[in-house]
Number of protein chains: 2
Amino acid sequence: MLDGLQPIKNLSMSEMVEVSLQQYFREKDFKVGDSLPTEKDLATTLQVSRSVIREALSKFKMLGIVESRKKTGMVISNPDLVGTIGKILHPKILDDATLQDLFELRLVIESGLADLLYVRKTEKAVTELETIARNEKPGKAFAIDNEIAFHGKLYEITGNQTLKRFQLLLLPVFAYAMSMKKKFKPGSVRHMDLVEILKKGTRNDFKEGMFEHLHPHYTRLEK
Amino acid sequence: MLDGLQPIKNLSMSEMVEVSLQQYFREKDFKVGDSLPTEKDLATTLQVSRSVIREALSKFKMLGIVESRKKTGMVISNPDLVGTIGKILHPKILDDATLQDLFELRLVIESGLADLLYVRKTEKAVTELETIARNEKPGKAFAIDNEIAFHGKLYEITGNQTLKRFQLLLLPVFAYAMSMKKKFKPGSVRHMDLVEILKKGTRNDFKEGMFEHLHPHYTRLEK
DNA sequence: TTTTGTCTAATTGTAATACAAATAAAACAA
DNA sequence: TTGTTTTATTTGTATTACAATTAGACAAAA
């Protein structure tokens with residue numbers, strides 16, 4: 001009945017300046033290292049006080065898009081993507097739907113890792129992975145330390161720094177999402193099995209193995 | 001000769017306040033809806049001016065972690081993860097390494113989609129996908145519109161909103177990364193072939209099909 | 001010539017104050 | 001119960017003043 005009704009939002013000045021700056025950055029095709037007008041100039045041009053300008057700029061500094069130094073002024077910088085994501089990725093403040101999505105995202109990424117792994121894996125790396133798998137404490141079914149070590153190494157082998165750092169952020173979310181679900185029963189394919197496949201098996205063997213490894217998670221997904 | 005020397009980092013007050021607040025949020029176990037102390041109280045407690053407090057808070061507002069209303073004060077809110085990522089994900093300001101990583105990330109996700117797809121796909125959805133594939137203009141090998149429509153639909157079928165929105169953000173990055181590389185030669189498996197597999201084939205058939213579809217990209221990855 | 005030191009002007013950073021704007025809550029009226 | 005007015009509180013904006021940093025100019029020294 002109340003569908004389509006939006007709360008009337010009145011943007012504050014600093015939010016409007018934020019939008020203006022976003023546009024400005026794009027239209028003027030700013031690149032890393034380019035310097036911005038001074039706060040004073042921005043203030044007079046946009047006809048707002050310097051405090052408003054500074055609050056808007058603070059936001060871009062939070063994203064790592066803008067850096068400032070005294071005397072030099074402000075410059076466009078390249079943001080740390082994963083670092084910024086890490087500032088938001090806390091189970092307590094994300095809604096359940098997003099947490100579930102992220103849970104699934106991790107499954108998707110783990111599955112999809114295979115092809116990249118087979119492009120980048122080396123004998124040395126696989127041996128190191130084997131060592132990790134062998135040293136696992138056989139305690140619980142889902143021991144977070146073991147997971148971090150083993151899967152972390154997998155990501156490392158792909159040589160993709162962003163992916164590796166991102167999965168580190170995803171782990172607490174994953175663990176949290178799991179704690180919300182029923183008891184976990186491990187899959188038939190364990191870490192050591194995956195190592196064996198990496199050593200002797202094909203790309204497709206590995207995909208199938210990883211699917212089996214993650215199978216308990218998939219069975220608990222809702223259709 | 002200058003190895004191991006780091007620039008002395010000169011944190012501003014507002015950056016220090018930012019860190020303090022981060023800690024504070026975690027330690028006090030803030031949840032969505034919890035309200036924060038007033039700016040004035042924060043200022044007197046942290047012994048800085050209100051402007052500094054406001055600049056720090058602006059940053060959290062940028063991430064969507066904090067919202068404020070007059071008289072009511074400030075509350076913790078749940079951030080829009082993908083929206084925030086979208087504010088950073090612009091080819092012009094990300095470094096090349098990250099762009100390459102994101103390029104690979106998209107490949108990984110596309111590959112990993114299979115299992116989730118087979119959990120969630122319906123006959124109706126596959127028919128809709130088929131329509132999309134049939135309506136493609138046979139123009140260029142990599143027509144961005146065709147890609148968006150087809151792969152976007154795939155993500156939609158997974159029912160994962162975060163993933164769907166995320167891949168939309170990834171597309172420009174993907175296109176940009178591709179423009180940096182040599183001429184693109186399409187893979188042997190086309191969209192229509194993938195549809196056929198989805199209709200009749202197994203999970204593994206689809207994985208193999210998707211790999212072939214993306215094969216030209218993989219061959220251009222560096223070892 | 002090259003380095004080192006000093007000064008100057010420009011720019012961001014911080015503080016403090018005043019007031020505007022919104023609004024929840026209370027008090028009051030119908 | 002419903003509507004109206006008032007009040008007090010909190011965030012939002014503007015302004016001013018000054019502190020802190022530093023690039024660049026220039027001078028002095030080696």
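By convention in this document, chain letters (A, B, ...) are assigned in the order of the sequence lines, proteins followed by strands, and residues within each chain are numbered from 1.
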Student: Quick check: on DNA chain C, is the nucleotide nearest B:Q47 upstream (toward 5') of the one nearest A:E39, or the reverse? Name the residue that is more 5'.
Tutor: A:E39
Student: Mark yes or no for whether B:T98, through its side chain, and B:L94, through its backbone, hold a donor-acceptor pair below 3.5 Å.
Tutor: no
Student: For A:R26, enumerate each residue passing the salt bridge (Lys or Arg N to Asp or Glu O under 4.0 Å) test, keeping only those at least two apart in sequence or located in another chain.
Tutor: none
Student: Where do N or O atoms of nucleotides 22-25 of chain C meet protein N or O atoms at under 3.5 Å, pair by pair?
Tutor:
from, atom 1, to, atom 2, distance (Å)
C:dA24, OP1, B:R69, NH2, 2.7

Student: With sequence neighbours excluded, what pairs up with A:K92 under the salt bridge (Lys or Arg N to Asp or Glu O under 4.0 Å) test?
Tutor: B:D29
Student: Anything under 3.5 Å between a donor and an acceptor, one on a side chain of residues 57-66 of chain B, the other on a protein residue two or more places apart or in another chain? List them.
Tutor:
from, atom 1, to, atom 2, distance (Å)
B:S58, OG, B:R54, O, 2.8
B:K61, NZ, B:S68, OG, 3.2

Student: Please list, in 5' to 3' order, the outermost nucleotides of DNA chain D lying under 4.0 Å from any heavy atom of chain A.
Tutor: D:dG12 to D:dA23
Student: Kindly state which residues belonging to residues 53-66 of chain A come within less than 4.0 angstrom of DNA chain C, counting heavy atoms of the residue only, listed by number.
Tutor: A:R54, A:K61
Student: Hey, is B:R50 close enough to B:E55 for a salt bridge, meaning N to O under 4.0 Å?
Tutor: no
Student: On the 0 to 90° scale, with breaks at 30° and 60°, tag the A:H191-A:F150 ring pair as parallel, tilted or perpendicular.
Tutor: parallel
Student: Among residues two or more places apart or on two chains, list those pairs meeting ring pair (Phe, Tyr, Trp, His ring centres under 6.0 Å) that have a residue in residues 63-87 of chain A.
Tutor: none
Student: Do the rings of A:F30 and A:F25 sit parallel, tilted or perpendicular, given the 30° and 60° boundaries?
Tutor: perpendicular
Student: Under the side-chain hydrogen bond (donor to acceptor under 3.5 Å, both in side chains) rule, collect the residues that match up with A:D115, sequence neighbours excluded.
Tutor: A:R203, A:K207, B:S111
Student: Mind jotting down which residue pairs meet the ring pair (Phe, Tyr, Trp, His ring centres under 6.0 Å) criterion with at least one end in residues 99-128 of chain A? Sequence neighbours excluded, please.
Tutor: A:F103-A:F174, A:F103-A:H217
Student: Starting at NE2 of A:H213, measure out to CG of A:L107 and round the result to the nearest 0.5 Å.
Tutor: 10.5 Å
Student: When you match A:V48 and B:K40 each to their closest nucleotide on DNA chain D, which lands nearer the 5' end?
Tutor: B:K40
Student: Got a sec, which residues hit side-chain contact (heavy atoms from CB on, under 4.5 Å) with A:A149, two or more places apart in sequence or on another chain?
Tutor: A:I132
Student: Base, sugar-phosphate, or nothing: which does A:S51 touch, judged by heavy atoms less than 4.0 Å apart?
Tutor: base
Student: Take the protein atom CG of B:L11 and the nucleotide atom P of C:dT12, then report the distance between them rounded to whole Å.
Tutor: 19 Å
Student: Enumerate, in order of first residue number, the stems that involve DNA chain C, defined as 3 or more consecutive Watson-Crick or G-U wobble pairs with both distances under 3.5 Å.
Tutor: C:1-30 with D:1-30
Student: Can you name the residues that form a side-chain hydrogen bond (donor to acceptor under 3.5 Å, both in side chains) with B:K124, not counting sequence neighbours?
Tutor: B:E128
